[in-house]
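A note on names: the letters A, B, ... follow the listed sequences, proteins ahead of strands, and every chain is numbered from 1. What you see is a predicted model, and the numbers here were worked out from it, not measured in a lab. The basis for the numbers below is simple: all heavy atoms, side chains too, and nothing from hydrogens, waters or symmetry mates.
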Amino acid sequence: MDYTERLTNVTVLGAAGKMGSGILLLVAMEMADLKLKPGGENRNFVLNAMDISSEALPGLMKYLRSQVLKAAEKKTVLLRQLYMNRRDLIENSEVIEAYVNEVLDLVRPVTRLEAAYDSHLIFEAVAENPELKTKIFSQIDAHNPHKPWFFTNTSSVPIGGLNEDAKLGGRILGFHFYNPPAVQKLVELITIPKNSEEMVKFAEQLASNLRKIVVKSNDVAGFIGNGHFMRDALYGIAEAERLSKDMPLHQAIYAINKIGQDYLMRPMGIFQLIDYVGVDVVRFIMMVMNPYMEEEDLHSELLDKLFDKGIKGGQNADGSQKNGILQYERGRAVGVYSLEKGDYVPFTEFAAKTDEWLGLLPSVVMPWKNLVRSTNKNVVVETVFAAYKKCDDPGCKLALDYARHSREIGRQLLETHVATSSDDVNTVLMTGFFHAYGPINEFVI
Amino acid sequence: MVAGYNTISMGTGRKEFNPKKERPGLEHYIKEAGQATLKQIGGAKKVDEGVIGNFMAARFNRQAHLGAFMTTIDPDLRFKPSLRVEGACASGGLALVTGIKSILSGSAEVVLALGVEVQNTVKAIYGADLLALAGWFQKRKDGPAYFFPGQFSTRAGAYHEKYGRVKTRQAQARWFRNAIENARLCPTAQEHENKVEDLDALGLTEPNPRAFTDHLNVFDCSKVSDGASAIAIVSEEGLKRLGIPLKDAVEVIGIGHATDDLTAEPEDLTRLTTIEHAAKEALKSAGITPEQLATVETHDCFTIAGIIGMEAIGLAPQGKGADFVLEGHTARNGKIPVNTTGGLIGWGHPTGATGVHQAVTLWEQLTGRAGEAQINIPADRPYALSVNMGGDDRTVVAIVYRKTT
């Protein structure tokens, strides 16, 4: 079965979710592009957008239409070439409309799993629950005569286990997009020895056609992305707890978050990142990963306590940030949750004092936004860490320790063969997490 | 001509511009520019006729019949003759020519000439469809997505091949730099607040054929703009009737108005032959040579059109336009300052208004009203030229103005 044939009948499971909807968008446009290529018009392309939530499907289709329209408006130069022989489509607006319809015509919103019984390829983006995934895969595989391939978007469950539990004979691999899939350039590809060469080649071709950067990760729970993120989060939490012996915990959380964002020049501090992903999701990923860790306990009591209080973070339907560990106003953190008080404490009440304790940021430090645009990024980062090494303020010391620990996590991922090179680790953090520099570097030693 | 007025050229670059918010429409711009001119000439009662230049309101704004908007400027314009003229991006120039002919025919002593376009109602990719209608529609299907940038990209490619790419790209970037630097001096210019330091480097950005065109980048292009300009075209008797002293007006001393076959391909991609013809006519009827001009407003819808325009007007020999620009002759301190408030690239290009905007700018320069953008008008060269082009060198209006004494 060639590349195009494989993509004639596809199902996305969990299509109305945050990840599923993005995957649906990318796959739908890839299928439409194949349909528009010579020979494609005679094939019947079907893309099932499957989600158990019937209520979510109309919203999904609306989202899909608006996103395809935006994409079409950006690639009109190419679309005019693809539609060269359609003499009836003359103006850009006509070409764009035809393409949007072409894409949407492939997509069938469905609520039942049976839709996947005819598919050759199945993308899975349901909840991070190994039992649920196994059950779905087994059921589809039992009824699907085509021996379909399963591409799971799991960020934490080992693929080998899913393969065995669902008895898929190697027809599953990890194809892990980053959030949001339509924008983020990274795909973590997790293969297992039982995968056929054809399947891996297809996955690489697909990723390349979707214009993604592929990083291969070995099949260890959490892979590279969450392997780093979860440990980095636990370190940040532990640091905040350590500082809380000398200051209230909410101040310590503020301080450590500032270390990540301002001192390490990351797009956001670690507590904001936890909120972005969702306190509940981070906690759940740790629970999924933890059983596979032999000498480590990936677990945070602080996250448990926050979760029990209903502190979850995550995004509203319009993409804006919900309150989590931090409180947000128009996307900016303005307060921090205090477990003692059971409420948010505004930064204005304590930030000046905490900032004074941290000390002055060395003048060579720049905001993440400026750093990523800078033409001599590495020189800046090197200068910044050199400044930290010469500075005795608590902020500088915390930053240096934090960066060194982040580097250690990276090296651990190498030593445990999760990643095959430090470049891969750095690529994941720089493309999947938008860091301006990779954790495995020489600056911080 | 007297009593000119330009609205702000609104669009990307202006800090008031927010594509997501509702903005003033056609009605607002017609009123603002029209009323400002009426105020300078003592009110609507003094006006005999009105003419509005506009290219594509029928599709940008779903509005036709613009001639009948005249009375919205002032109730005293009711029942006076008024019409809308169209010649793509030369619509403003046609409004001027139409007004001038009314004066010459004796049917009017005072004509209110106005140009208007409101283009930011659609995204650029759809705006390209509407602007493409300035070309022959039978060619649209096989043309590029960004139709006119594509046409002039082809011209740029031919020019690069014939006269050297590196030098010409540098000249295009210099044209862009001059445009922005001049726009910074004019408060109504769309690029007035542009703060980019290295304009040459920005202008030299490599074109991206996948997303735009082969030989032009977006900085080589004029702006997408909303705006209007108005000016009064007045006979000598009319001026007396208005009680305006001669020194506040400029004299129109030459006109060239030419069209070429819309369905034909350009005979030479490296020349703008209709501009050549119209400019020659205008200068001949004015009885002057290009060397006698103090300043020029030329139709730089693209940097390459500006460069070839220098040759077409006769300021530079054929193939030497790029050198002429690179030697600094067109800069505001050069031999002949061109587009002194930024032209279509720096000031903006509300398509149907551009021809009138050029006249207003030259009136300001020749009467010492250009504020910070004022250039020196040498006493022995009291002349200025405007060149307004529609489509790919298909309709051209060239006008020669003289400072009054």
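- Within residues 85-97 of chain A, the residues having any heavy atom closer than 4.5 Å to a heavy atom of chain B are R86(A), R87(A), L89(A), I90(A), E91(A), N92(A), S93(A), I96(A), listed by residue number.
- Within 6.0 Å of CD on E329(A) lie no more than 12 heavy atoms contributed by other residues, nucleotides or ligands.
- Heavy atoms from other residues, nucleotides or ligands lying under 6.0 Å from NZ of K167(B) number more than 12.
- Heavy atoms of F212(B) lying under 4.5 Å from chain A belong exclusively to its backbone.
- Counting only distance, with no hydrogens or angles, the side chain of R80(A) and the backbone of K141(B) share a donor-acceptor pair below 3.5 Å.
- Options T213(B), V122(B), D142(B), I125(B) differ in how many heavy-atom pairs under 4.5 Å they form with chain A, and the most are formed by I125(B).
- At most 12 non-hydrogen atoms from other residues, nucleotides or ligands lie less than 6.0 angstrom from NZ of K74(A).
- The neighbour count for E193(B) CD, taken as heavy atoms of other residues, nucleotides or ligands under 6.0 Å away, is above 12.
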Side-chain atoms of residues 55-65 of chain A: list all donor-acceptor pairs with protein atoms under 3.5 Å, sequence neighbours left out, distances to 0.1 Å.
none

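- Closest non-hydrogen pair, V77(A) versus A211(B), comes out as CG2-O, 3.5 Å.
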